[in-house]
Amino acid sequence: MLRSAAMQPRAVFAGALLATLASLAGMQAPRYDLLIVRGTVVDGTGAPARRADVAVRQGRIVAVGTVPRGFATETIDATGLVVAPGFIDVHTHADDIAETPGADNFIRMGVTSVVAGNCGGSALDVGDALARIRETGTAVNYATLIGHNTVRRAAMGTANRDATVAELGKMRSLVWRGMADGAVGFSTGLQYVPGSYARAPEILDLARIAGNAGGIYASHIRNEGTELEQAILEAIRVGEVAGCRVQISHLKVDSPSHWGSGARALALIDAARARRVDVQADQYAYTAASSTLSIRFPAWALEGGPAATAARLNDPPTWTRIKTEMGELLRARGLGDLSFAAVASYAPDPSLQGLSMKQIAVRLRGSDSSDAQFEAARELMLRGGASMVYHLMSEQDVGLIMRHPWVGIASDSGVLVPGDGVPHPRGYGNTARVLGEYVRTRRVLRLEEAVRKMTSLPAEHFRFNRRGKVKVGYAADIALFDRVNVADAATFVQPHAFPAGLPYVIVNGVVVVRKGQQTGARPGQVLMGTAIAP
Ligand SMILES: [Zn+2]
């Protein structure tokens, strides 16, 4: 009823009149839970910004346009602010959100929905994990994928070989159960052990199960630099043969020797789309990546888990062979040593956090030679490994990829705890950096296009029903920002800083950030793909 009232001026007038009469009679009841007035609506579709009020009731947007004042429990004056759909971050590692349900780093950058379970790593028991999240309550909406590395490890550990028929059967049943329990798709992390040991037929087989249940296939592809194109083709083939939607995760060119090949990667996506393979990608707005230290080691050296790895690192001839291969892998990427790498998190010695491997080599080995850097990396691996930041990309490729219409924006971050480690700044600043640096300063994107890439584009690809637009009937996930001063504040040196210019964030109609302060509310819902939702 309200929906049609909002669309018909006469009905709005009649409603206003009735409400005025009710008010005169001293029995005024709030008609809206929330009214956002005088803002500039950027609705998420890419359509031009326009002045409009937005009214919210029971978690839904019930009016967009000129809305009569005075009938709302809370009214937000959005003068000078953009009113956008809350940002949907489909590439996160927020799997442990129940431990930090406020998810401050996400909500403070306007993210209202996250997808976890990426890069092949997820909860093994999706039903159990989602039940726990529902019970705890979270500030943001949450969805998860079921991860290939997780199910492969459960079925066959870290064995470096093809799965047997029985092991494949076990993986299939685990993926099927994950989908039945509410996963929105299947993810791979083909640069990580044990996913890197799996060949295409295994992945195809498992992706088909997720696809049959309406799920998406999201892939951290096998190689993001020296063999980028082959890796993209592998992901596309999975979509083509298994018949599922494909999301290429954190698309980038991570090898200086291959900088400039972003155009060829995007052309492969265009060609696949022309064949009706529904492939998209996502990207974060930085020229540095973040990953494990182990990713720099040859995959064979990691088989069998930490004890087996340690045995190889402690066996001098084997270590020499590993070190030689590490050097060869780097040279193929156009790199001479590990100076592009910095430690983000290292529990055995937090004083190393934030230092480059060159600095750490001096600290631990008294030399900054490439050999000393490899020896330092070995030491860190023997003490459990580290989480790293890798400066490996070019602005040219980042900008080119960002301009592509089927590439969305996602952070690749987990839920961060302020002050804990020196993580990649994307977890605090990604969306604000797109709006400040890439829209306002560099003019890589129009504002409306940037918002579309963070809202309706990922919402539709992941099939989040009625989310990602400022539109009547849609969930009231809303971010308010000041297009003039929205900016990321997190840096590689001091990442624990919330962005500026995002004063209000609303999730399912509930204010979670008000005047730049978290309210502590946890209105987030568990999201499931519409094809499998009950
Ligand atoms: Zn990844």
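Note that ligands are numbered from 1 as they come in the structure, with each ligand's atoms numbered from 1 the same way. Predicted, not measured: the structure shown is a model, and the values here were computed from it. Quick note: numbers below take in every heavy atom, side chains included, and nothing from hydrogens, waters or symmetry partners.
Contacts classified as side chain to side chain donor-acceptor pair (under 3.5 Å) and involving residues 110-123 (residues at least two apart or in different chains) are given here: His91-Asn118, Ser113-Asn141.
In this view, Tyr438 and Glu395 satisfy the side chain to side chain donor-acceptor pair (under 3.5 Å) rule, not counting sequence neighbours. Scanning for side chain to side chain contact (heavy atoms under 4.5 Å, CB included) contacts around Ala163 gives Met156, Glu167, Leu168, Met171, Glu202, with sequence neighbours left out.
Ion pairing between Glu449 and Arg403 fails under the 4.0 Å rule for side-chain N and carboxylate O.
Ring geometry, Phe481 versus Phe87: the interplanar angle falls from 30° to 60°, so the pair is classed tilted.
Counting only protein N, O or S atoms, 3 lie closer than 2.8 Å to the Zn ion (ligand 1).
In this structure, Asp254 CG and Phe340 CZ are separated by 8.5 Å, a value rounded to the nearest 0.5 Å.
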